[in-house]
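Below, chains carry the letters A, B, ... as their sequence lines are ordered, and counting in each starts from 1.
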Amino acid sequence: MAKELTSRETDYAKWYNDLVIKADLAENSGVRGCMVIKPYGYSIWEKIQAELDRKFKETGHVNAYFPLFIPKSYLSKEAAHVEGFAKECAVVTHYRLKNSPDKKGVVVDEEAKLEEELIVRPTSETIIWDTYKNWIQSYRDLPLLINQWANVVRWEMRTRLFLRTAEFLWQEGHTAHATREEAIAEAEQMLNVYADFVENFMAIPVIKGVKSPNERFAGAEETYCIEAMMQDGKALQAGTSHFLGQNFAKAFDVKFANREGREEYVWATSWGVSTRLIGALIMTHSDDNGLVLPPKLAPIQVVIVPIYRGKEDFENVDVVARGIFENLKKAGITVKYDDRDTHKPGWKFNEYELKGVPIRIAIGPKDVENNQVEIARRDTLQKFTVSQIGLTDYIKILLEEIQQNIFEKARKFRDSMITRADTWDEFVQILETKGGFISAHWDGTPETEEKIKELTKATIRCIPLDAQPEEGKCILTGKPSSKRVFFARAY
RNA sequence: CGGGAUGUAGCGCAGUUGGUAGCGCACCUGGUUUGGGACCAGGGGGUCCCAGGUUCGAGUCCUGGUAUCCCGACCA
């Protein structure tokens, strides 16, 4: 037992950390708070990128790239925005090093001080709006629908692999529109794109909603979000889409001439998801044996393990295994044939289980003799034998079934973790014993939300878009409320 | 940024009173093995976090630094 995982029950946080490292997704680096994403983990990110990128383009967006560095003055142009990010910015102050006096290394050359310091982007609204100013003159230039894939830096005090790192990878969409309505429609559209992707590709059920003013993006008029529920009962924000109003247009003086020839400020949105999604993926599906990956994102969908005694056995098994491998590959399935002689089958079984490969096919002499193979499902841990005839179609269907099954399992769990609370005692008790989302009334004031956070560490995760009007009393203050919101402790 | 802990082989750790730096896993070689993390035999691998100090002698004692982890504060 070389790679024993801490169980989820023993220590959920340690289970998560162990899993990220042992499944070879990522590791800590020599730089505080920054991770190395290893090939297996990066491969998942590439699949996320590929599908999202396709969806962005399908909805009319194009990719571009803006600089990593932002002049300090840009950041301060939008008051709420700078307030939100100032405390976590990395700043470049010099542009040259020199040999240290003792010749043992290098030191900053104090003579090479930048006239204007540069901020390493925590997000790109400012540099992008400074650029858009020159791109937009007329209503004919709108809408402007641009996305960029990039890294950003937010100097976090406490970091965790994928969930919160000082540097992370993400995409940020930045759009400009002629009307308020169109911008809001864009923000909502992209929220739906995210929800569709996260549910259908990542098999993570989400709740669509809007943020309370406290949790809103710095500089936004409205922040839409998708919220997911992790196995330990904590919520995780999986994606956000912001309606920015005219805040950035005014800050960066981005105006256009409308059809009547009158000048107007443009309306903006921005939206993003990050490598944090990989953290959500892990904490939604995985178990004490390791990762469980949805087939649509798994770097390896099917692994074939040959079993044999001696050379003759191997040759018989190898012919069959190789045939199956070629057939699956032709059918567009990502399949790996692990014919390494350096590890025993049992070792491989454990390894691929740890790495979350959805389907394992084992082929031994008995199977060759009976024209069958042994199939093992990662999601249910079931094993059974099936005929080699029609195997490719069988696998295709099974992959879809697994995708569906893990989503359903996650959805049932998520639904079971939504609890209504009508009194403060109930609210606190649910939070302490069960966790999850608590559906409760709130009087709508930032002060009350702040107070609840102080008392319980729970925040309003979102005001669900599908919330039904319902008269009630605020869980804390007893003041009137017209609908329920979702509280939870969150990542 | 406050409180606590820990830095010894790639990883996980032991190291007594200051006296030749060890164990497990991993790695390399050979052989036997192969349907749930094989076994035997042999082998390689060290700036004991860094810098000073005490001492005949420091992984061990003292001083300073530094890094990482945990708890808190902070965090769209």
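Using atom P as the reference point in both B:U66 and B:C50, the two lie 15 Å apart (nearest Å). Across the P atoms, B:C69 and B:G12 are found 13 Å apart, a figure rounded to whole Å. Comparing the same atom, C1', in B:U6 and in B:U20 gives a spacing of 28 Å after rounding to whole Å. If you take atom P in B:C48 and the same atom in B:G7, they sit 15 Å apart, rounded to whole Å. Separation of the P atoms belonging to B:G45 and B:G4 is 42 Å when rounded to the nearest angstrom. Distance noted for atom P between B:C1 and B:U16: 35 Å (whole Å). For the C1' atom pair drawn from B:G44 and B:A9, the interatomic distance equals 11 Å after rounding to whole Å. Using P as the reference atom, B:C62 and B:C74 are 37 Å apart when rounded to the nearest Å.
Pairs of residues two or more places apart, or lying in two chains, that qualify as side-chain hydrogen bond (donor to acceptor under 3.5 Å, both in side chains) and include a residue from residues 302-312 of chain A are A:Y308-A:D341.
Nucleotide B:C11 holds its P atom 15 Å from the CG atom of A:D24, rounded to whole Å. If you take CD1 of A:I361 and P of B:G36, they are 18 Å apart, rounded to a whole angstrom. As a whole-Å value, the separation of A:N289 CG from B:G37 P is 14 Å. Between A:Q372 atom CD and B:G35 atom P there is a gap of 17 Å when expressed in whole angstrom units. A straight line from NE2 of A:H343 to C1' of B:C39 spans 16 Å, rounded to a whole angstrom. Rounded to an integer number of Å, the gap from CG of A:D288 to P of B:G37 is 19 Å. Rounded to whole angstrom, the span from the NZ atom of A:K311 across to the C1' atom of B:U33 amounts to 17 Å. Separating the NZ atom of A:K355 from the C1' atom of B:G37 is a distance of 14 Å, rounded to the nearest angstrom.
The aromatic rings of A:W129 and A:Y132 stand perpendicular to each other, their planes meeting at an angle above 60°, with 30° marking the opposite boundary.
Remark: B:G36 base-pairs with no nucleotide in the shown strands. Criterion, Watson-Crick or G-U wobble with two distances under 3.5 Å. Nucleotide B:A21 has no partner under the Watson-Crick or G-U criteria, as no pair reaches both atom distances under 3.5 Å. Of all nucleotides present, none satisfies the Watson-Crick or G-U wobble test against B:C74 with each distance under 3.5 Å. Nucleotide B:G52 forms a pair with B:C62, judged by Watson-Crick or G-U wobble geometry with both contacts under 3.5 Å. The base-pairing partner of B:C27, taking Watson-Crick or G-U wobble contacts with both distances under 3.5 Å, is B:G43. Figure legend. B:U6 is base-paired to B:A67; pairs are counted as Watson-Crick or G-U wobble with both atom distances under 3.5 Å.
At least one cation-pi condition fails for A:K38 and A:Y40: the charged atom is not both under 6.0 angstrom from the six-membered ring centre and inside a 45 degree cone around its axis. Figure legend: cation-pi geometry between A:R461 and A:F487 absent, as NZ or CZ is not positioned both under 6.0 Å from the six-membered ring centre and within 45° of its axis.
Judged by atom type and distance alone, A:R360 reaches the base of B:G36 through a side-chain donor-acceptor pair under 3.5 Å.
A search for side-chain hydrogen bond (donor to acceptor under 3.5 Å, both in side chains) contacts involving A:Q382 returns A:T380, not counting sequence neighbours.
Checking A:T175 against A:T269 by side-chain atom types alone, a donor-acceptor pair falls below 3.5 Å. No hydrogens or angles considered: a donor-acceptor pair under 3.5 Å links the side chains of A:E188 and A:Y224.
Listed for the A:Q301 side chain is a donor-acceptor partner under 3.5 Å among the backbone atoms of A:P295. Formation of a donor-acceptor pair under 3.5 Å by the A:E172 side chain with backbone atoms of A:G272 is not found in this model.
Among the protein residues, A:D313 comes within range of no part of the nucleic acid, since none of its heavy atoms lies under 4.0 Å from any strand. Nucleic acid contact class of A:F314 (heavy atoms, under 4.0 Å, all strands): none. As judged by a 4.0 angstrom heavy-atom cut-off over every strand, A:D367 is placed among the base-contacting residues. Across all strands shown, A:P122 has heavy atoms under 4.0 Å from base atoms, whether or not it also approaches the sugar-phosphate. Across all strands, A:K348 comes closer than 4.0 Å to no nucleic acid atom at all (heavy-atom distances).
Taking only side-chain atoms of A:I307, from C-beta outward, the nucleotide of B:G35, B:G36, B:U33 with the closest atom is B:G35. Looking at the side chain of A:E88, the nearest of the listed nucleotides B:G36, B:C75, B:U34 is B:C75. Here B:U34 is the nucleotide among B:C74, B:U34, B:G37 with the atom lying nearest to any side-chain atom of A:Y308. Of all nucleotides listed (B:C75, B:C74, B:G35), B:C75 comes nearest to the side chain of A:R164. The side chain of A:E351 lies closest to B:G37 when the candidates are B:G37, B:G72, B:U34. Here B:G36 is the nucleotide among B:G36, B:C75, B:U34 with the atom lying nearest to any side-chain atom of A:F349.
Not one side-chain nitrogen or oxygen of A:K383 sits closer than 4.0 Å to the OP1 or OP2 atom of B:G36.
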Polar atoms only, N or O, under 3.5 Å: list the protein pairs with nucleotides 66-71 of chain B and their distances.
unit_1	atom_1	unit_2	atom_2	d
B:U68	OP2	A:R32	NH1	3.3
B:C71	OP2	A:R158	NH2	2.1

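A:R164 pairs in a side-chain contact (heavy atoms from CB on, under 4.5 Å) with only one of the listed residues (A:R158, A:R276, A:M157), which is A:R276.
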